[in-house]
Amino acid sequence: MENKLITQSNELEQLKRMVTDDLTSPYSRVMYAKALDDFLAWYQSTGKRGLTKAVVAEYKAHLQAQGYAPATINQKLSAIRKLAAEAADNGLMDAQLANGVKALKGVKSAGVRTGNWLTRDQAQKLLQTPDITTLKGLRDRAILAVMLGAGLRRSEVAALTFEHIQQREGRWVIVDLVGKGKRVRTVPIPSWAKQAIDEWTQTAGLSSGRIFRAVNKGDRVVGDSLTSQAVQDIVKEYAAKCGYELAAHDLRRTFAKLARKGGADLMQIQLTLGHASVSTTERYIGEQQDLTSAPCDVLGLKLYK
């Protein structure tokens, strides 16, 4: 039997639906669909002929060269393995070749990782994914901007108020933010994150109380708050659209890693995050925290291309 992928017919869409219909999580369905779209686009652009273990191994190497995290690569490979299984079951490829694809090993993580983080390019892609022609998209982009630009926890994002956003030493900061362990800290935010907040709040007509509110299916603001779980769901929604496997806390980790890679002082990053290990230093925030040259200044992200 000829081993091929049908890339320009209704049969391909039907095959992709078979892959995703078995998944119970809506986020997994989106991620698998995105993974398959990315693979098929690469497959067509490189002129490959036939779905084989060697072809998938080449794609895995391509993903590694692009800087994807092991967990993301392995998720994409899982979608391709399932595609091969469905193709074999539907007579589109030989079962032996499908078994070869399914036998391809994933990528091992170097050492023990406590979570995922994004490269700068991946973070930039995530930040620009929301549809900012909608109110929901403006809100979601502002949430992602605050998380990537300031390293806030999802509970802190949900609790953020207009009163928190003030100017100190010529820059915008989040003042008196109460974090884990009821520790209070001041968090500098980059200008692009403040712009994202302003574009959301001005369009929504908000000026007091909680900054982030629920938005209904009619793209209207409802209620006066947003839950911590809703913030988690928003992160997962756009991560899935990008083909990433992330939790909200991974954006906090991404902030820290990008800031450190950009040359930010480690102590300043710790102060921004409000880690317990610098609780003593927090008592002297006014003297030791540098609000002129802050960790968020070196992330290298922006709202627009």
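What's counted below: heavy atoms across the whole structure, side chains too, no hydrogens, waters or symmetry copies.
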message: Can you confirm whether more than 12 heavy atoms, excluding those of Arg81, are under 6.0 Å from its CZ atom?
response: yes
Looking at residues at least two apart in the chain, or sitting in another chain, which of them share a side chain to side chain donor-acceptor pair (under 3.5 Å) with [X]?
X	value
Gln202	none
Gln124	none
Lys194	Asp198
Thr161	Glu163, His164

Sidechain-backbone polar pair: [X] side chain, [Y] backbone, donor-acceptor under 3.5 Å:
X	Y	value
Arg139	Phe212	no
Lys261	Thr119	no
Trp172	Ala193	no
Arg252	Gly151	yes
Thr20	Ala33	no
Gln232	Ala248	yes
Thr46	Tyr43	yes

Supply the atom-to-atom distance [X] [atom1] to [Y] [atom2], rounded to the nearest 0.5 angstrom.
X	Y	atom1	atom2	result
Asn216	Lys136	CG	NZ	11.5 Å
Ser78	Ile73	OG	CD1	12.0 Å
Lys257	Asp250	NZ	CG	11.5 Å
Lys53	Lys105	NZ	NZ	8.5 Å
Lys102	Lys82	NZ	NZ	10.0 Å
Ile197	Leu206	CD1	CG	12.0 Å

Can you see which heavy atom on [X] is nearest to which on [Y], and at what distance?
X	Y	result
Ala88	Ala95	CB-CA, 4.1 Å
Arg185	Leu271	CD-O, 3.6 Å
Ala196	Ala142	O-CB, 3.6 Å
Asp140	Tyr238	OD2-OH, 2.6 Å
Ala84	Ala98	O-CB, 3.6 Å
Leu299	Trp192	CD1-CZ2, 4.1 Å

Can you sort out the partners of [X] under side chain to side chain contact (heavy atoms under 4.5 Å, CB included), two or more places apart, ordered by chain and number?
X	result
Ala256	Ile269, Leu273
Ala35	Gln75, Lys76, Ala79
Ala214	Val222, Leu226
Asp176	Val184

Any salt bridge (charged side-chain N to carboxylate O under 4.0 Å, His left out) pairs touching [range], not counting sequence neighbours?
range	result
residues 239-249	Glu237-Lys241
residues 214-228	none
residues 264-275	none

Side-chain contact test, heavy atoms from C-beta onward, threshold under 4.5 Å: evaluate it for [X] versus [Y] and give yes or no.
X	Y	answer
Leu251	Leu246	yes
Leu301	Phe255	no
Thr203	Leu135	yes
Thr72	Gln122	no
Val55	Trp42	yes
Ile174	Leu152	yes
Arg154	Gln229	yes
Leu77	Val56	yes

Any chain of hydrophobic side-chain contacts (each under 4.5 Å) joining [X] to [Y]?
X	Y	result
Trp117	Val298	no
Phe162	Leu177	yes
Leu303	Ile165	yes

- request: Starting from the C-alpha separation in whole Å, work towards a yes-or-no answer on side chain to side chain contact (heavy atoms under 4.5 Å, CB included) for Ile211 and Trp200.
  value: CA-CA 9 Å; Ile211 291 177; Trp200 145 246; 4.1 Å; yes
Criterion salt bridge (Lys or Arg N to Asp or Glu O under 4.0 Å) on Asp37 and Lys34, from CA distance to verdict: CA-CA 5 Å; Asp37 286 341; Lys34 178 66 166 58; over 6 Å; no
Member of Thr133, Thr129, Thr134 meeting the side-chain hydrogen bond (donor to acceptor under 3.5 Å, both in side chains) criterion with Asp131: Thr133
query: After noting the C-alpha distance and the side-chain angles of Asp38 and Leu63, does the key distance pass the side chain to side chain contact (heavy atoms under 4.5 Å, CB included) rule?
result: CA-CA 10 Å; Asp38 289 347; Leu63 294 175; over 6 Å; no
query: Do NZ/NE/NH1/NH2 and the carboxylate oxygens of Lys236 and Asp233 come within less than 4.0 Å?
result: no
field: Sequence-distant partners of Glu199, salt bridge (charged side-chain N to carboxylate O under 4.0 Å, His left out), two or more places apart
entry: Arg141
